[in-house]
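Report on one structure; see the data block that follows.
None of the values given here were measured: they were computed from a predicted structure.
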Amino acid sequence: MPEENVCNRERFLSSSCYCDSTRNQTSRGAGTTAKEMLDPFALIKDEVSEITYRLRSMVVSEVPELTSAAGYFFRAGAEGKRTCPTVLLLMASALRIDTPESIIGSKNELRARHMRVAEITEMIHVASLIHDDVLDVADTRRGMDSLNSAVGNKLAVLAGDFLLFRAFSAAGSLDNTEVVSLLATALNNLVTGELMQMTITPAQRCRMDYYLQKTYYKTAVLISNSCKAVAVLAGQTAEVAGLAYQYGRHLGIAYQLIDDILDFTGTSASLGKGSLSDIHQGIVTAPVLFAMEEFPELHEIVERGFDDPSDVATALEYLAKSRGIERTKLLATEHAKLAADAVDALPEVEDIVALISRQALKDLAQKLIRRTK
């Protein structure tokens with residue numbers, strides 16, 4: 001990674017306003033209010049932009065049609081928020097230890113390897129979205145046509161496969177078998193989660209524990225294992241790597257719980273995809289499961305899987321009368337707190353960049369559960 005980018009990042013992280021904000025929050029020992037909350041995405045936007053640029057070159061193929069399809073979600077305006085790279089680079093900075101200036105070169109090399117993990121994770125993530133859209137026959141993604149809608153299922157599947165190939169080719173260059181194993185396990189669990197959704201039984205459809213396990217596999221396992229990979233590359237202890245993993249796990253689950261709420265409360269325009277899409281596909285999520293605890297008569301409807309439109313209407317009526325949305329938000333808040341607790345449990349450091357990055361990770365958890373789209 002160019003040394004200029006490292007210097008720019010550290011100058012920004014160490015700017016007086018940002019440092020003062022972090023010190024004030026630490027000295028007060030109180031939670032961060034919405035007004036005081038730092039913008040985690042602004043911290044490393046230059047590095048994330050560099051990752052986006054590199055991703056466009058990493059998905060070039062000998063076949064122009066495949067290059068276009070594989071790069072569909074890496075085009076300008078189609079990239080999304082790039083939450084995964086942001087989390088991983090912040091985690092890398094949060095785990096940073098004081099290093100003498102005399103070996104700044106090794107710091108640059110480690111940062112480049114962490115950026116490579118972020119690139120790999122983003123490619124796996126996008127590949128999973130493309131494959132999901134094919135399976136779900138989705139029309140939209142990120143407020144535009146889904147790839148399968150734009151180019152057809154066959155090319156979309158091949159594009160997703162190609163992204164996975166590129167991801168694991170890049171993983172091999174890290175020369176770390178534990179990291180490759182973590183990423184391979186994440187991919188295996190992504191597939192398992194999708195199969196859990198496809199083969200669900202009526203009884204499993206009504207179980208919160210089954211839903212949460214599926215949610216972990218489909219949404220949280222990639223970011224949690226990638227956070228752990230960042231710690232492994234940094235030579236951290238198993239305990240610290242476990243805390244990095246726990247942060248990603250709880251952040252991912254919290255994110256999906258809010259997604260489940262927004263599927264009921266958001267609009268198609270704000271979500272970038274159809275609202276009520278889950279329930280119309282027969283997918284039961286936390287709000288309905290919580291509503292079912294209050295209204296046992298929902299149990300039979302949930303077991304049937306919402307094939308009948310009248311069952312969807314009835315379930316929505318019960319959901320409106322229940323605390324399902326509220327309880328799902330509380331559960332998401334609990335997971336966001338557990339994510340923050342994992343950051344607070346990291347070994348103490350005096351490095352200002354590490355301290356700011358840790359605060360940003362906690363702020364990011366709050367930002368994600370307060371989102372409205």
Side-chain angles (χ1 to χ4, degrees), residues 1 5-27 31-32 36-51 81-99 104 106-119 121-122 223-224 226-237 239-252 254 336-368:
M1 181 180 64
N5 281 353
V6 175
C7 295
N8 288 340
R9 169 174 56 86
E10 296 195 1
R11 277 198 296 271
F12 177 74
L13 287 170
S14 301
S15 65
S16 59
C17 61
Y18 210 92
C19 290
D20 290 344
S21 176
T22 304
R23 291 193 186 102
N24 290 340
Q25 290 163 18
T26 303
S27 64
T32 308
E36 295 168 324
M37 193 174 294
L38 311 173
D39 182 1
F41 294 95
L43 277 172
I44 48 175
K45 62 179 181 179
D46 289 342
E47 287 180 303
V48 172
S49 294
E50 183 181 338
I51 286 173
K81 284 186 173 294
R82 291 289 184 261
T83 301
C84 286
T86 298
V87 169
L88 295 174
L89 293 182
L90 286 174
M91 180 60 72
S93 295
L95 298 178
R96 151 182 162 141
I97 58 175
D98 294 329
T99 307
I104 187 68
S106 64
K107 285 173 63 178
N108 280 346
E109 181 181 354
L110 178 59
R111 191 66 176 184
R113 285 159 68 80
H114 283 151
M115 289 182 73
R116 179 52 54 94
V117 171
E119 292 160 4
T121 301
E122 188 67 11
I223 192 62
S224 59
S226 295
C227 281
K228 185 174 182 179
V230 163
V232 169
L233 283 177
Q236 295 289 346
T237 65
E239 180 183 2
V240 170
L243 290 170
Y245 165 86
Q246 288 298 330
Y247 174 83
R249 179 178 185 273
H250 291 297
L251 184 77
K337 181 183 183 303
L338 289 170
D341 289 346
V343 173
D344 285 337
L346 292 171
E348 291 187 9
V349 291
E350 295 184 359
D351 184 279
I352 189 63
V353 173
L355 290 172
I356 291 170
S357 299
R358 292 179 184 191
Q359 183 61 50
L361 285 171
K362 294 191 288 185
D363 288 350
L364 180 60
Q366 289 300 311
K367 188 179 184 73
L368 292 182

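- By the salt bridge (Lys or Arg N to Asp or Glu O under 4.0 Å) test, R113 is found to be paired with no residue, residues two or more places apart in sequence or in another chain being considered.
- V349 approaches A354 most closely through the heavy-atom pair CG2-CB, 3.7 Å.
- Under 4.0 Å is where a charged nitrogen must lie from a carboxylate oxygen, and between D363 and K367 no such pair does.
- Considering CD of E119 and CD1 of I51, their distance stands at 5.5 Å, rounded to 0.5 Å.
- Note: Q359 CD to L90 CG = 11.5 Å, rounded to the nearest 0.5 Å.
- The OG1 atom of T83 sits 8.5 Å away from atom CD1 of I223, with the distance rounded to the nearest 0.5 Å.
- Shortest non-hydrogen contact noted between R111 and L89 is NH1-O, 3.3 Å.
- The two residues C227 and A244 come nearest to each other via the heavy atoms CB-O, 3.3 Å.
- You'll find the side chain of Q246 stays beyond 4.5 Å of the side chain of L338, heavy atoms only.
- In summary, the side chains of S49 and R82 do not present any donor paired with an acceptor at a separation below 3.5 Å, with no hydrogens or angles considered.
- Taking both residues in full, the closest heavy atoms of Y245 and K228 are given as CB-CB, 4.0 Å, listed atom of the first, atom of the second, then distance.
- Distance check: L110 CG to M115 CE gives 12.0 Å after rounding to the nearest 0.5 Å.
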| message | Pair L233, H114 - check side chain to side chain contact (heavy atoms under 4.5 Å, CB included), show working. | response | CA-CA 8 Å; L233 283 177; H114 283 151; 3.9 Å; yes
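- A salt bridge between D344 and K362 is present, with a side-chain N of the basic residue lying under 4.0 Å from a carboxylate O of the acidic one.
- Side-chain contact between T121 and V87 is absent, with no heavy-atom pair separated by less than 4.5 Å.
- Note: S357 OG to R96 CZ = 8.0 Å, rounded to the nearest 0.5 Å.
- The side-chain heavy atoms of L346 and R358, taken from C-beta on, include a pair separated by under 4.5 Å.
- Across all non-hydrogen atoms, the minimal contact from T86 to P40 is CG2-O, 3.9 Å.
- Separating the CG atom in D351 from the CG atom in L95 is a distance of 11.5 Å, to the nearest 0.5 Å.
- In terms of heavy atoms, Y247 sits closest to A339 at CD1-O, 3.2 Å.
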